[in-house]
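To keep things clear, I will list the structure first and then write my remarks on it.
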Amino acid sequence: MPGFHSRRRFLQSTLGGSALVAAGGLAVPEFLLRSALAAPRQGTKILVVVQLSGGNDGLNTVIPYRDPLYRQARPTLAISPAQVIKLNDELGWHPSLADLEKLWQQGDVSIVQGVGYPNPNRSHFRSMDIWHSAQPENPRPNTGWLGRFLDRSSHETLAALHLGGESLPLALVGRRAAAPSLRDPQSLQLRPGVNSQRLRQLALTQQAPNSALEQFVRTGLLTALDASGRISQALKEEPAASPYPSSSLAQKLRTVAALIDAELPTRIYYVSLAGFDTHVKQQGAHAALLQQYAGALAAFAQDLQARGHWDRVVVLTFSEFGRRVRENASAGTDHGTAAPVFLLGGSVRGGLVGDHPSLEDLDAGDLKFHTDFRRIYATLLEKWLGADSQSVLGRRFPALELLQS
Amino acid sequence: MVSQRLDPAWAWTAFEPEGKQGWDWGCVVHLYRRAAFGATWEQVERALVLGPEKAVDQLLHPPKQAEQFYTQMDQVALALLSGDDATNLPPWWLYVIRFSPDPLRERAALFWHDHFATSAAKVTSGMLMWRQNRLFRRLGLGPFGTLLEQVAKDPAMMLWLDGALNRRRRPNENFAREVMELFTLGLGHYSEQDIKEAARAFTGWRLRRLHGDWEFYFDFQEHDSGEKVVLGRRGRWRGEDVLQILLDHPATARFLVRKWCQYLISQQLPWTDELIEPLAQDYRQHNYDTRWLLRTMLRSNLFYSPQVRFQKVKSPVDFALGILVALGGTTNFRTLAQRLNQLGQRLFYPPNVAGWPRGTAWLNSATLVGRLNLAWELGSSEGRIPWEQILQKHELRTREQAAQWLCRLFLGHQEVASQVAQAVPPTRPSPQTMARLLQALAAVPVFQLA
């Protein structure tokens, strides 16, 4: 009964944490006390976001392999009908996604096609900001869709967790506090010197009480010291139920699975896979990335299935944009627009959602989107995370049939 | 912080201290945290005597031994790069920053490295990355136009943004887009059409190997010599013309001045056009002379006003080298480079074309725990800080005296010294207790700010 032991040890560590907070004798932010005392709720629904950074070539991911226009536009990069993994008579996956075929057949994969937003922006940063903030009209967004969800739903320090060496994704930044970030399991271990309790007191030392920046650092330090104790404890638990590939994405997801199994009160996990900006010699690089993605997700699904968590996890995969329909002169592709979004999980309603964008009816050489990405967010907020999507997204977006009811 | 409307005329006028209140430890430590990488106790004492004008001039005009230092560092770099391995460069640069007699030059080089954000992850050649790094050091304080053209034709940049692949028949838009979005105008001042037209103007810029070295050349056969319209200006533009058109556009000076203001003065202040504009206009009139710009900013009333102090998050490099420089310490720079990589900043390997994320993005649970660990590592036996000498020279006999000394050195005041002191037992300070005090100081939020 690994679940039982994890849970008990977890409770011990959190209670230890609360004793530390109380011993300080200084004003402690209320949310920290609450997070230290909150009991984990087993069976909570969990969202895992896998971001493909750089602009994944959607057209070579879900491939209209019968369309002559596809072959014309991609003289060197087209995947032949014999190679694709056929999803139906017209569409097929890139062969490097083979590891996901079983999940597709089980009905655990939903593919939303032609996802984008009006007036697409082709700057990586701007388009990523739009996907993260879900506020295309805001030129300088400072909160993300999940951060705003967390603002409204939780005072839990560990409600969301980012794993990876890159900076904290804007998606997880709320008005109140930012989610903790974990580079690797060891990076949160405090080395000996001054003890953690004393450091906590020092973090509460104030100089300029009105400085927003100083306040930000203080909250960050307190969160870090809190998370340090709790996560180190959770990661001492059982190894994975099944093997994972050695890729960095797979290793991150292995940690996610361990934390899920340890019943951490975390509802949102966020990881990224970078390298999709394939302007030059795309073929090998893109295949390797998709292979890494599929291998990692297949292992993650298998592990969670074995441990009985797969039905309460949804994995959302997106990229900031797709790529131009026509390949460029360097056997690569330039920044484009609409692309498919994947959802995986035991509670996902498998299948294709929406049509593949037309290769004939283009907008200045780019695919036209037909499904606004905020409809996917709205669906996940309403039907998975149990939140009011309008207050998070600013307006109502019609839900999609992505989850089993 | 609620900031009142700032009068631009006051903001950019040179700061004249009045009486003994004006030019104090706080000001000097602030200047050195921003324009350099911190200062030793002795440097602060000297700058206090000099006053603001001479202290800034000293930073802007390096001592004679700087030339000799850089000649030596070039020789070291060439030896390290005999196998063209770029992974030798991060520790090399950290060493240079730690010991350079000309820290403002390194500040500027770091700024331009971040601005032109070329990564060895794609370029791979250590020699090419180092050549670009020398450009930043050599031209970083001169006219921006010269720097821009040299960087645009720099082999590492041409590999980084695929410029070398830009052909007449199939223009590659990567460089044309980023030069507008990230190097000059900023988002919102150009159209997608401008990018397409500019990409045509840059066709024919290519690289070739000469005696084993990559170099830029213009290949007329691959150049699209047709008419282009860039930012409303029509002509048979070549790449150099497009760069000049970008320099002629007023958005460029505003974009650069705003970025320097955020880098040197405050990440929190709303940098309104009203505040930026006078400086941006003068910057253009001074032919984009960056030394002039920095002198004006570092001398200004705004720079020394209390509202901008500690309004910048230290980058990992600021954090670590700030400790080593102020305490006159050293360390294993290869290990340090690994630590800074874990904290999110690997020099020569910026994460993407926009450079490193700035401000609060440096800080999260993992990096904050990492910073507390690093402070301990640098201060304890794993680092090499001359604690014995410091204790003796400054006559630090109690934990309170030691904490006060550290606070003054790093923060410019000793308001939090009594709390810091309590992190160690009330005995006579040893190197071990000094390391603990340093880690305790790192846990005071304001220490993470510059």
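All values below come from the heavy atoms of this structure, side chains included, with hydrogens, waters and symmetry mates left out. Convention: sequence-line order gives letters A, B, ...; per-chain numbering from 1.
- The closest side-chain heavy-atom distance from A:Glu214 to B:Leu449 is below 4.5 Å.
- Heavy-atom distances place the side chain of B:Lys196, and not its backbone, under 4.5 Å from chain A.
- If you measure heavy-atom distances from B:Glu192 to chain A, the contacts under 4.5 Å come from the side chain alone.
- Neither the backbone nor the side chain of B:Asn166 comes within contact range of chain A, judged by heavy atoms closer than 4.5 Å.
- Among B:Thr360, B:Leu372, B:Leu411, the residue with the largest count of heavy-atom pairs under 4.5 Å with chain A is B:Thr360.
- The shortest side-chain heavy-atom distance between B:Pro351 and A:Glu166 does not fall under the 4.5 Å cut-off.
- Neither the backbone nor the side chain of B:Arg167 comes within contact range of chain A, judged by heavy atoms closer than 4.5 Å.
- Heavy-atom pairs under 4.5 Å with chain B were tallied for A:Asn195, A:Asp277, A:Asn121, A:Val217; the largest tally goes to A:Val217.
- Taking NE2 of A:His279 as the reference point, atom CG of B:Leu165 lies at 11.0 Å (rounded to 0.5 Å).
- No donor-acceptor pair closer than 3.5 Å links the side chain of A:Arg198 to the backbone N or O of B:Ala423.
- For B:Gln448, the part sitting under 4.5 Å from any heavy atom of chain A is the side chain, from C-beta outward, and nothing else.
- Note on B:Gly359, B:Ala440, B:Ala361: by heavy-atom pairs under 4.5 Å with chain A, the leading option is B:Ala440.
- Proximity of B:Arg170 to A:Arg326: side-chain heavy atoms (C-beta onward) are separated by under 4.5 Å at one or more points.
- Considering every non-hydrogen atom in both B:Leu368 and A:Gly220, the closest pair reads CD1-C, 3.4 Å.
- Within 6.0 Å of CD on B:Gln262 lie more than 12 heavy atoms contributed by other residues, nucleotides or ligands.
- Considering only heavy-atom pairs separated by less than 4.5 Å from chain A, the leading option among B:Lys312, B:Gln268, B:Arg371 is B:Gln268.
- Counting heavy-atom pairs under 4.5 Å between each of A:Asn328, A:Leu225, A:Val194 and chain B puts A:Val194 at the top.
- Ranked by non-hydrogen atom pairs under 4.5 Å with chain B, the options A:Ser167, A:Gly193, A:Gly165, A:Ser123 are led by A:Gly193.
- For A:His162, no part lies under 4.5 angstrom from a heavy atom of chain B.
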Quiz item: Could you walk me through whether B:Gln422 and A:Gln201 pass the side chain to side chain contact (heavy atoms under 4.5 Å, CB included) check?
Solution: CA-CA 10 Å; B:Gln422 282 167 37; A:Gln201 285 173 19; 5.8 Å; no
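- Separating the NE2 atom in A:His124 from the CZ atom in B:Arg177 is a distance of 8.0 Å, to the nearest 0.5 Å.
- Comparing B:Asn172, B:Asn352, B:Thr367 by heavy-atom pairs within less than 4.5 Å of chain A, the highest count is held by B:Asn352.
- Around atom NZ of A:Lys281, no more than 12 heavy atoms belonging to other residues, nucleotides or ligands sit under 6.0 Å away.
- Minimum interatomic distance between A:Leu221 and B:Ala443 (heavy atoms only, all atoms of both residues): CD1-O, 3.4 Å.
- Taking 4.5 Å as the limit, some side-chain heavy atom of A:Phe125 sits within range of a side-chain heavy atom of B:Leu182.
- Interface residue B:Glu181: only side-chain heavy atoms are found under 4.5 Å from chain A.
- One finds a salt bridge joining A:Arg324 and B:Glu173 here, because a Lys/Arg side-chain nitrogen approaches an Asp/Glu carboxylate oxygen to under 4.0 Å.
- Taken from CZ in B:Phe447 to OG1 in A:Thr205, the straight-line distance is 13.5 Å, to the nearest 0.5 Å.
- Contact check for A:Leu213 versus B:Phe310: no side-chain heavy atoms found under the 4.5 Å cut-off.
- For B:Val424, no part lies under 4.5 angstrom from a heavy atom of chain A.
- By the neighbour-count criterion of 12 heavy atoms within 6.0 Å, atom CG of A:Asn119 is sparsely surrounded, having that number or fewer from other residues, nucleotides or ligands.
- Between A:Arg191 and B:Gln439, the closest side-chain pair of non-hydrogen atoms is not below 4.5 Å.
- A heavy-atom distance below 4.5 Å is not found between the side chains of A:Ser330 and B:Asp162.
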